[in-house]
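Excluded from the calculations below are hydrogen atoms, water molecules and symmetry mates; all remaining heavy atoms, backbone and side chain alike, are included. Read the numbers this way: they start at 1 and go in the same order the structure lists the ligands and their atoms.
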Amino acid sequence: MSDDCIFCSIVAGDIPARTVHETDDVLAFLDANPLARGHTLVIPKSHARHLGDLDDDLASDLFAAVTELTPHIQSTVGADGANVGINDGAAAGQEVPHVHVHVIPRFDGDGGAPLHAVGGERPDLTDDELDAVAKAIGE
Ligand code: AMP
Ligand code: ZN
């Protein structure tokens, strides 16, 4: 629990939320400023700022909830698809410093964009540079 974290306050019941799913370790609630009907945030109940801060069990529980909820949300709101994503770090647009997975229902012709639209200017990488990046990440 972090004192000045809005999502910890939701977990503690100090701030209201429209909860849609809860387990011992994971909570899901509607985004207060939804990008689409059914836009849901899925969070670990314990405070962690970054995805890499989660231990394996919690990461697994979090993803299990996302996996279960995504098709359920989609069918509930009659969506045709969904974008599922995490803004990890301020540079990626993370505003609330508590890990949260966005499940954003998508509708044919809704005017939205794919996750590819979140990137900045695309780097022009040579095959050698791609090989080097793959090697470095794989080490
Ligand atoms: P991010 O930019 O990934 O950190 O997104 C934070 C999300 O949290 C935004 O989509 C906000 O609309 C949402 N949000 C902020 N405060 C609340 C709240 N009290 N209840 C529900 N959603 C919230
Ligand atoms: Zn928190």
Side-chain angles (χ1 to χ4, degrees):
M1 165 98 190
S2 170
D3 283 345
D4 55 358
C5 172
I6 195 161
F7 288 174
C8 282
S9 297
I10 287 175
V11 172
D14 296 335
I15 291 180
R18 293 182 174 89
T19 297
V20 300
H21 179 78
E22 183 170 13
T23 69
D24 286 347
D25 301 309
V26 173
L27 185 69
F29 51 91
L30 293 188
D31 194 295
N33 189 20
L35 292 172
R37 180 186 294 271
H39 182 173
T40 298
L41 303 176
V42 190
I43 71 168
K45 285 186 174 176
S46 58
H47 184 81
R49 183 175 192 122
H50 295 294
L51 198 54
D53 298 332
L54 302 181
D55 67 35
D56 288 352
D57 283 346
L58 190 50
S60 174
D61 289 347
L62 182 66
F63 199 69
V66 171
T67 304
E68 182 183 330
L69 279 169
T70 298
H72 178 60
I73 293 166
Q74 260 182 246
S75 61
T76 301
V77 301
D80 303 298
N83 291 114
V84 178
I86 299 169
N87 294 326
D88 192 32
Q94 183 178 12
E95 292 184 356
V96 177
H98 181 133
V99 173
H100 50 283
V101 183
H102 291 265
V103 179
I104 305 167
R106 295 296 305 276
F107 301 84
D108 289 339
D110 64 12
L115 284 178
H116 285 74
V118 303
E121 207 169 298
R122 288 195 186 208
D124 190 15
L125 299 172
T126 64
D127 283 347
D128 284 350
E129 287 170 322
L130 289 169
D131 290 344
V133 171
K135 185 163 182 289
I137 293 173
E139 278 169 358

- Item | Sidechain-backbone polar pair: Gln94 side chain, Arg49 backbone, donor-acceptor under 3.5 Å | yes
- Please say whether Val96 places an N or O atom under 3.5 Å from an N or O atom belonging to ligand 1. yes
- Does Asp14 CG have over 12 foreign heavy atoms under 6.0 Å away? yes
- Query: Has the side chain of Arg106 got a donor or acceptor atom that lies under 3.5 Å from a matching backbone atom of Ala113?
  - Reply: yes
- Item | contact_flag Ile10 ligand 1 heavy-atom lt 4.0 Å | yes
- Do side-chain atoms of Asp80 reach the backbone of Asp108 as a donor and acceptor pair under 3.5 angstrom? yes
- Message: If we only consider heavy atoms of Arg18, is any one of them less than 4.0 Å away from an atom in ligand 1?
- Response: no
- Which heavy atom of the protein is the closest neighbour of atom 22 (N) of ligand 1, given with residue, atom name and distance? Ala32 N, 3.1 Å
- atom 4 (O) of ligand 1 [closest protein heavy-atom partner, distance rounded to 0.1 Å]: Glu95 N, 2.7 Å
- Query: Is there a donor-acceptor pair closer than 3.5 Å between any side-chain N or O of Thr76 and the backbone N or O of His72?
  - Reply: yes
- Query: What's the shortest distance from atom 5 (O) of ligand 1 to any protein heavy atom, and which residue and atom give it?
  - Reply: His100 NE2, 3.2 Å
- Message: List ligand 1 atoms under 4.0 Å from Leu30, heavy atoms only on the residue side.
- Response: 21 (C)
- Item | Lys45 side chain reached by Asp25 side chain, heavy atoms, under 4.5 Å | no
- Enumerate the atoms of ligand 1 whose separation from the nearest heavy atom of Leu41 is less than 4.0 angstrom. 8 (O), 13 (C), 22 (N)
- Query: With a cut-off of 4.0 Å, which atoms of ligand 1 are near a heavy atom of Gln94?
  - Reply: 4 (O)
- Item | ND1 (His47) to the Zn ion (ligand 2) to SG (Cys5) angle, given to the nearest 10 degrees | 110°
- For atom 7 (C) of ligand 1, grab the closest protein heavy atom and report residue, atom and distance to one decimal in Å. Asp31 OD2, 3.5 Å
- In terms of heavy-atom contacts, does CZ of Phe63 have more than 12 from other residues, nucleotides or ligands at under 6.0 Å? no
- Task: Please go through Phe29's hydrophobic cluster and name the other residues, only I, L, V, M, F, W, Y counting, with side-chain heavy atoms under 4.5 Å joining them.
- Result: Ile6, Phe7, Ile10, Val11, Ile15, Leu27, Leu41, Ile43, Val96
- When you draw lines from the Zn ion (ligand 2) to ND1 of His98 and to SG of Cys8, what angle lies between them, to the nearest 10°? 110°
- Message: Membership question, hydrophobic clusters at under 4.5 Å side-chain separation (ILVMFWY): are Val101 and Leu54 in the same one?
- Response: yes
- Item | Contact (N/O only, under 3.5 Å) between Asn87 and ligand 1 | yes
- Are the aromatic ring centres of His102 and His100 under 6.0 angstrom apart? yes
- Item | Proximity to ligand 1 by part of Ile6, non-hydrogen separation under 4.0 Å | side chain
- Message: For atom 2 (O) of ligand 1, what is the closest protein heavy atom, and at what distance to 0.1 Å?
- Response: Gly93 O, 2.8 Å
